[in-house]
Number of protein chains: 2
Amino acid sequence: MARPGIESIRRQQLIDATLSVIETHGFQGATIGKIAAASELSVGIVSHYFGGKQGLLEATMRYLLSCLQQDASRLMASRPSNPRESLMAIVDANFSGVQTHAQSAKTWLAFWTQAMHSPELMRLQRVNERRLLSNLIFHLRQLMPPGPAQATAQTVAAMIDGFWLRAAMSEGRIEPDQAVALCKTYIDQAIQANNGASK
Amino acid sequence: MARPGIESIRRQQLIDATLSVIETHGFQGATIGKIAAASELSVGIVSHYFGGKQGLLEATMRYLLSCLQQDASRLMASRPSNPRESLMAIVDANFSGVQTHAQSAKTWLAFWTQAMHSPELMRLQRVNERRLLSNLIFHLRQLMPPGPAQATAQTVAAMIDGFWLRAAMSEGRIEPDQAVALCKTYIDQAIQANNGASK
DNA sequence: TTCAACAAATTGAACATTCATTCAATCCAC
DNA sequence: GTGGATTGAATGAATGTTCAATTTGTTGAA
C-alpha cells in the first residue's frame with residue numbers, strides 16, 4: 001500500500017538533488033542521471049512524480065520562489081510598521097536565507113536564463129518581480145512623491161538583481177552583508193534626496 | 001590558394017550567426033547545425049576555424065566584450081574631463097550600442113550562466129568587471145572620500161548588471177533611456193550625499 | 001590567353017556519445 | 001497475496017566531431 005506522505009518526501013528529495021546538481025554541474029550538466037544519483041533514487045522516478053525533466057525543473061523553481069516569499073513574510077512580520085523599516089526588511093529578505101548561498105544564486109541565474117524560453121518559468125518570474133516592485137512602491141510612497149517612489153523602487157529592484165548576479169559569479173564566498181548595506185545606503189540617500197519634495 | 005582575409009570573414013560570419021541563433025533559440029538551442037544553417041555554411045567549418053563549438057562560443061563572447069569596450073572608448077573620448085561627466089559617459093557606454101538590443105542582452109545572460117562553469121569565460125568576465133569598477137572608482141574618487149567612492153562604484157556596477165538583466169527578461173522592447181536616467185540620478189544623489197564629507 | 005596542376009576552402013554523411021523517456025520486471029509494506 | 005512504489009536496461013532522438021571527397025580560386029608554364 002501507499003505509505004502516507006511518501007510522494008511529498010520523494011518530490012522534495014528530487015528537488016533538493018536538482019538544486020545540488022545544478023550548483024555543482026550547472027544547468028546544462030544537470031542530467032536526469034546525475035539528479036537520480038544525487039537523490040539516491042532511480043532515473044524512472046522523475047517521470048513518475050514530475051512527468052519528465054521539465055516538470056522537475058519547474059517544480060524546483062516554484063520551490064525557490066516559495067522559499068523567497070517565506071523569508072519575506074517572516075522578516076516583514078517581525079518588524080515595526082515604520083515605512084523605512086519595512087523597506088529595510090524587504091532588502092534583508094531578498095538577501096537572507098536561501099538566497100545568500102552560492103547554490104541558490106547560481107540556480108537563480110540558471111533559471112533566469114532558462115525562463116526566457118519557457119513561458120511557464122517566465123510567468124513565475126514575472127509574478128515574483130511584480131510582487132517585489134509593488135511592495136517597494138507601497139512603502140516608498142509614504143516617504144516621497146509618486147514619481148521618485150516609482151524610480152527608486154525600480155532602482156532598488158535592479159540593485160538586488162545586480163548583487164544576486166555578482167553573488168552567482170563570485171566563485172567563493174558572497175558578501176550578503178555588504179550588498180544589504182549598499183542597498184540600505186541607497187534607500188536612505190533616496191529618501192533624503194526626495195524628502196519634503198511634496199509630501 | 002588562400003584568398004586574403006577569407007578567414008576573418010568566415011569567423012565573423014559564424015560569430016554573427018551564433019548571436020542570432022542564441023537570441024532566437026537560446027543558449028541550449030544553439031546547435032552547430034542551426035548556427036551553420038544561419039551562417040549559410042556547413043557544420044564542418046566550425047571545427048575548421050574554431051576547433052569546435054566551445055571555441056566558437058568563447059570567440060563570440062570575446063567579440064561582445066570588444067564591442068562593449070569600443071563603445072566605452074568612443075564615448076569617453078568625446079566628453080570633457082569633468083569627473084561627473086566622465087561617470088555619465090561610462091553609464092551611457094554600458095547601455096549604448098550593442099548592449100541595448102534584446103539580442104545582446106539575452107546573449108549576455110546566456111554567457112554569464114555559461115561562464116560560471118567555464119574557466120576561460122569566467123576569466124574574460126572578471127577582467128571586464130574589474131575594468132568597469134576601476135573606471136568608476138577613479139572618477140568617483142575625485143568627488144568623494146575613498147570609502148563612499150568604493151561603495152558607490154559597486155552599487156553602480158550592480159545597478160548596471162541589474163538593468164541588463166531586466167532588459168534580457170523583458171520580452172518586447174527595452175527602455176535603455178530609463179535605465180540610464182535612473183543610474184545617473186543615483187550617481188548625483190551619491191555625490192550630493194557625500195559632498196564635502198572630507199575632500 | 002588557356003589550361004592543367006595544386007592547395008586552400010568547404011562540404012556533409014558517417015560515427016560516437018550523451019541523454020530523456022519508457023515500461024516490463026521487481027520490490028515491499030500491508 | 002495484493003497493489004502501489006521503484007528500478008534500470010532498452011530505446012530512440014539529438015548533437016558534436018571527424019575526415020574523405022569535392023569545390024573553388026590561384027599559379028605558372030605552354
Side-chain angles (χ1 to χ4, degrees), chain A residues 1-61 107 110-111 113-114 117-118 120-121, chain B residues 1-61 110-111 113-114 117-121:
Chain A
M1 249 321 185
R3 284 162 293 178
I6 191 70
E7 176 165 341
S8 62
I9 292 175
R10 292 284 176 267
R11 280 177 174 267
Q12 194 57 48
Q13 256 183 302
L14 289 169
I15 288 173
D16 290 340
T18 302
L19 290 173
S20 171
V21 171
I22 287 179
E23 195 265 333
T24 308
H25 298 92
F27 199 84
Q28 303 211 47
T31 67
I32 295 287
K34 283 182 193 151
I35 292 170
S39 66
E40 296 181 329
L41 295 170
S42 69
V43 298
I45 208 84
V46 172
S47 293
H48 184 252
Y49 281 121
F50 292 99
K53 189 183 184 181
Q54 185 67 20
L56 174 57
L57 294 175
E58 287 176 7
T60 302
M61 183 163 179
T107 310
F111 275 116
T113 305
Q114 179 72 2
H117 297 87
S118 164
E120 177 61 11
L121 291 182
Chain B
M1 254 312 190
R3 284 162 295 176
I6 189 70
E7 175 165 342
S8 61
I9 291 175
R10 292 284 176 266
R11 281 178 173 267
Q12 195 58 48
Q13 256 184 300
L14 289 169
I15 287 173
D16 290 341
T18 303
L19 290 174
S20 172
V21 171
I22 287 179
E23 196 264 333
T24 308
H25 298 93
F27 199 84
Q28 303 211 45
T31 67
I32 295 287
K34 285 182 190 146
I35 292 170
S39 66
E40 295 181 329
L41 295 169
S42 70
V43 298
I45 209 86
V46 172
S47 293
H48 184 252
Y49 281 121
F50 293 99
K53 188 183 183 183
Q54 185 66 19
L56 174 57
L57 294 176
E58 287 176 7
T60 303
M61 183 163 178
F111 275 116
T113 305
Q114 178 73 1
H117 296 88
S118 165
E120 176 62 11
L121 291 181

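The shown structure was predicted, so the numbers you read here are calculated from the model rather than taken from an experiment. Labels below follow one simple rule: chain letters A, B, ... track the order of the sequence lines, proteins then strands, and each chain is numbered from 1. Below, each value reflects all heavy atoms present in this structure, side chains not excepted, and no hydrogens, waters or symmetry copies.
At whole-Å resolution of the value, CD in Glu40(B) and C1' in dA9(C) are 17 Å apart. For Ile45(B) and dT17(D), the CD1 to P distance is 15 Å, given to the nearest whole Å. Distance Leu41(B) CG to dT22(D) P: 21 Å, rounded to the nearest Å. In this structure, the CZ atom of Phe50(A) is 16 Å from the P atom of dT22(C), given to the nearest Å. One atom, CD1 of Ile6(B), and another, P of dT10(C), lie 5 Å apart when rounded to the nearest Å. Distance NE2 (His48(B)) to P (dA8(C)): 9 Å, rounded to an integer number of Å. Between the C1' atom of dT10(C) and the CD1 atom of Ile9(B) lies a distance of 15 Å, rounded to the nearest Å. Rounded to whole Å, atom P of dT15(D) lies 14 Å from atom CZ of Phe27(B).
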Tabulate protein N/O versus nucleotide N/O from nucleotides 10-14 of chain D, keeping only pairs under 3.5 Å, one per line.
none

With 3.5 Å as the limit, what N/O pairs link the protein to nucleotides 24-27 of chain C?
none

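Across all strands, Tyr49(B) comes closer than 4.0 Å only to sugar-phosphate atoms, never to a base (heavy-atom distances).
Closest approach of Ile15(B) to Phe50(B), counting heavy atoms only: CG1-CZ, 4.3 Å. In terms of heavy-atom proximity, Thr31(A) sits nearest to Lys53(A) at CA-NZ, 4.2 Å. Heavy atoms only, all atoms of each residue included: Ile22(A) and Ala110(A) are closest at CG2-CB, 4.3 Å. Across every non-hydrogen atom of Leu14(B) and Ser39(B), the tightest pair is CD2-OG, 3.5 Å. Between Ala17(B) and Ala38(B), the shortest heavy-atom contact is CB-CB, 3.9 Å. Nearest heavy atoms, Tyr49(A) versus Arg11(A): O-NH2, 3.0 Å.
For Arg10(B), no side-chain nitrogen or oxygen approaches OP1 or OP2 of dA9(C) to under 4.0 Å.
Judged purely by atom type and a 3.5 angstrom limit, Thr60(B) uses its side chain to pair as donor or acceptor with the backbone of Leu56(B).
Taking the side chain of Ile32(B) as heavy atoms from C-beta on, and the options dT6(D), dT18(D), dG16(D), the nearest nucleotide is dG16(D). Closest to the side chain of Ser47(B), out of dT10(C), dT17(D), dT22(C), is dT17(D).
Checked by atom type, the side-chain pair Gln114(B)/Gln28(A) shows a donor-acceptor distance below 3.5 Å.
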Stepwise side-chain contact (heavy atoms from CB on, under 4.5 Å) check, Gln12(A) with Asp16(A): CA-CA 6 Å; Gln12(A) 194 57 48; Asp16(A) 290 340; 3.0 Å; yes

Residue pair Arg10(B), Gln13(B): steps toward the side-chain contact (heavy atoms from CB on, under 4.5 Å) verdict: CA-CA 5 Å; Arg10(B) 292 284 176 266; Gln13(B) 256 184 300; 2.7 Å; yes

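If Gly29(A) and Gly44(A) are placed on DNA chain C by their nearest nucleotide, the residue sitting closer to the 5' end is Gly29(A).
For DNA chain C, the residues of residues 51-59 of chain A within the heavy-atom distance limit of 4.0 Å (strictly under) are Gly52(A), Lys53(A), sorted by number.
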